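Data block below; observations after.
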Protein chains: 2
Amino acid sequence: MDHEWNDSQPIYRQLRDRVVAMILDGVLKEGDPLPSVRTVAADYRVNPLTVLKGYQQLVDEGLVESRRGLGMFVNAGARSMLLQGERQKFLGEEWPRICATIQRLGLKPEELLEADAGRQPSSDSAKEEG
Amino acid sequence: MDHEWNDSQPIYRQLRDRVVAMILDGVLKEGDPLPSVRTVAADYRVNPLTVLKGYQQLVDEGLVESRRGLGMFVNAGARSMLLQGERQKFLGEEWPRICATIQRLGLKPEELLEADAGRQPSSDSAKEEG
DNA sequence: CATACTGTTATAGTTAACTATAACACTAGC
DNA sequence: GCTAGTGTTATAGTTAACTATAACAGTATG
C-alpha cells in the first residue's frame with residue numbers, strides 16, 4: 001500500500017477520506033468489511049487508536065456499521081449518501097476556493113488540463129449513479 | 001473584515017495564505033507594509049503570537065521583510081516569486097487530488113461552472129448585488 | 001525625555017492529535 | 001475452553017497549535 005500523509009490534515013481524517021474514496025470508487029461495496037483496525041494500523045505504521053478515530057467518524061456519519069468481534073461494514077446506501085453529501089460539500093466549500101486560487105494564479109485551462117493528463121488514461125463510465 | 005477560520009488548517013497558515021492572496025491580487029504591492037501584528041490580532045480576535053507565526057512564515061519564504069519598530073513589508077519580486085512557486089505547488093499537489101475528487105463524485109463540467117457562477121463577474125455583465 | 005506606534009521574546013497554561021502499551025469485550029472455529 | 005481474529009476502552013506521555021499576559025527592543029514624533 002502507498003501511505004504518505006499530508007501534513008495539512010490530521011491522519012485520522014485522511015484515513016476517513018481514503019475509505020470514502022474506496023466506497024465511491026466501488027472498491028468497497030455495501031456490506032463489505034473495512035480492513036481491520038489493527039491491519040491498517042500495522043500496514044500504515046500508525047497507532048490503532050488513530051485508525052479507530054477515522055473509522056468512528058464514518059460510523060458517526062452513518063456510512064459504516066461496527067459489529068464487535070466481527071469488523072466494520074459498509075452500510076447499505078452508503079455510496080449514494082456520499083455522492084449526495086460529498087458533492088454538496090465540495091461544490092459549496094472547496095470548489096469556490098479552488099476557483100479563486102486558479103484565478104489568482106492566472107492559470108489557463110490548457111495548463112490545468114495538461115497537469116491532469118496522464119493521471120487517468122481513459123474517461124470510461126464505470127460508475128453510473130442514479 | 002470577514003474572518004471565519006477553516007478548521008481543516010491551522011490559523012497561522014490561513015493568515016499566511018490570506019496575505020499571499022492579497023499580494024497576488026495586488027491589494028498589497030511590493031514595498032507596502034502588512035497590517036500590523038497587533039492590528040490583525042485585534043481585528044481577527046486572535047493571539048498576536050499566532051499572527052506573528054503566520055507572518056514569520058512569509059519572512060522565511062523571502063516574501064516579506066521585517067523591520068523592527070517599523071513593520072513588515074512586501075519584498076521586491078514577491079509577486080512573481082509567488083506566481084511561480086504557488087503555481088507549481090498547486091498544479092503538482094492540489095490539482096491532481098482535486099481532479100480525482102471531481103471524477104470520483106462524477107461531477108460534470110456544467111455543475112462545476114454553475115457552482116462557480118456568481119462568484120466573480122469575470123468579464124461579463126455587471127452583477128446586480130446589493 | 002515621554003508617547004505611541006512597530007516587531008519580538010518570555011512564561012505558562014489548554015486543547016487536539018498522535019503515540020505506546022495493555023487490557024477488556026465479542027464472535028467464530030476447533 | 002482455547003485460540004485467533006474482530007472492535008473498544010484505559011492509562012499515560014509527547015508534540016503542535018493556540019491562548020493570555022507581560023515584558024523587551026526599535027523607530028518616529030514632540
Side-chain angles (χ1 to χ4, degrees), chain A residues 1 3-20 22-23 28-75 78, chain B residues 1 3-20 22-23 28-75 78:
Chain A
M1 286 201 201
H3 28 316
E4 274 163 24
W5 302 115
N6 189 338
D7 70 331
S8 77
Q9 196 110 349
I11 292 176
Y12 75 93
R13 257 195 253 179
Q14 295 181 52
L15 280 165
R16 178 265 179 199
D17 288 343
R18 291 205 193 193
V19 175
V20 164
M22 286 197 282
I23 293 174
L28 280 178
K29 297 192 202 322
E30 321 199 329
D32 281 359
L34 270 58
S36 91
V37 169
R38 283 177 175 84
T39 303
V40 174
D43 285 355
Y44 289 60
R45 280 175 208 159
V46 156
N47 194 287
L49 289 183
T50 304
V51 180
L52 184 63
K53 191 167 181 180
Y55 277 17
Q56 283 294 4
Q57 198 132 100
L58 295 163
V59 174
D60 294 343
E61 292 178 71
L63 296 165
V64 155
E65 193 189 359
S66 167
R67 283 189 240 155
R68 207 183 187 123
L70 291 175
M72 318 258 298
F73 300 83
V74 180
N75 273 340
Chain B
M1 287 201 198
H3 24 307
E4 274 163 23
W5 302 115
N6 188 340
D7 70 332
S8 78
Q9 196 110 350
I11 293 175
Y12 75 93
R13 257 195 252 179
Q14 295 181 52
L15 280 166
R16 178 263 179 201
D17 288 344
R18 291 207 192 191
V19 176
V20 164
M22 285 198 282
I23 294 174
L28 281 177
K29 297 191 201 322
E30 320 200 329
D32 282 358
L34 271 59
S36 91
V37 169
R38 283 177 175 85
T39 303
V40 174
D43 284 356
Y44 288 61
R45 280 176 209 159
V46 157
N47 194 288
L49 290 183
T50 304
V51 180
L52 185 63
K53 190 167 182 179
Y55 277 16
Q56 283 294 3
Q57 198 133 100
L58 294 163
V59 174
D60 294 344
E61 292 177 72
L63 296 165
V64 156
E65 193 189 359
S66 168
R67 283 188 241 154
R68 205 183 189 123
L70 292 174
M72 317 260 297
F73 300 84
V74 179
N75 272 339

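Throughout, protein chains are lettered first and strands after them, A, B, ... in sequence-line order, and every chain is numbered starting at 1. Keep in mind the model is a prediction, meaning the values are calculated, not measured.
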Step by step, work out the side chain to side chain contact (heavy atoms under 4.5 Å, CB included) result for Y44(B) and R18(B). CA-CA 12 Å; Y44(B) 288 61; R18(B) 291 207 192 191; 3.3 Å; yes
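- One N or O donor and one acceptor, one from the side chain of R38(B) and one from the base of dG7(C), sit under 3.5 Å apart.
- Take the nearest nucleotide of DNA chain C for L70(A) and for V46(A): the residue whose nucleotide is more 5' is V46(A).
- Atoms CD1 (I11(B)) and C1' (dA17(D)) sit 9 Å apart, rounded to a whole Å.
- Between Y12(B) and the phosphate of dA17(D), there is a side-chain N or O to OP1/OP2 separation shorter than 4.0 Å.
- Atom CG of L52(A) is separated from atom P of dG7(D) by 8 Å (rounded to the nearest Å).
- Put simply, CH2 on W5(B) is 21 Å from P on dT15(C), counting in whole angstrom units.
- Within the structure, a side-chain polar atom (N or O) of T39(B) is placed less than 4.0 Å from OP1 or OP2 of dT6(C).
- For E65(B) and dT27(D), the CD to P distance is 13 Å, given to the nearest whole Å.
- When heavy atoms are screened at a 4.0 angstrom cut-off, Q56(B) is found touching the sugar-phosphate backbone but no base atom.
- Scanning both residues, K29(B) and V74(B), for their nearest heavy atoms gives O-CB, 3.5 Å.
- With dG7(D), dT9(C), dT9(D) as the choices, the nucleotide that has an atom nearest any side-chain atom of L49(B) turns out to be dT9(C).
- Side-chain contact between N47(A) and V51(A) is absent, with no heavy-atom pair separated by less than 4.5 Å.
- The separation between R13(B) atom CZ and dA17(D) atom P is 7 Å, rounded to whole Å.
- Contact between the side-chain N/O atoms of T50(B) and the OP1/OP2 oxygens of dT19(D) is found at a separation under 4.0 Å.
- Because its NZ or CZ atom is both nearer than 6.0 Å to the ring centre of F73(B) and within 45° of the ring axis, R67(B) counts as a cation-pi partner of that residue.
- The side chain of M72(A) lies closest to dT8(D) when the candidates are dT8(D), dA17(C), dC18(D).
- OP1 and OP2 of dC18(D) both lie 4.0 Å or more from every side-chain N or O belonging to K53(B).
- Summarising the geometry, the separation between CZ on R45(A) and C1' on dA20(C) is reported as 16 Å, rounded to the nearest angstrom.
- Residue S36(B) is in sugar-phosphate contact alone, with no base atom involved, counting any heavy-atom pair closer than 4.0 Å across all strands shown.
- Closest approach to the S66(B) side chain among dT19(D), dG7(C), dT8(D) is made by dG7(C) (side chain taken as heavy atoms from C-beta onward).
- What separates CG of N47(B) from C1' of dA10(C) is a distance of 13 Å, to the nearest Å.
- Proximity of R13(A) to S8(B): side-chain heavy atoms (C-beta onward) are separated by under 4.5 Å at one or more points.
- If you measure from atom CZ of R68(A) to atom P of dC26(C), you get 5 Å, rounded to the nearest angstrom.
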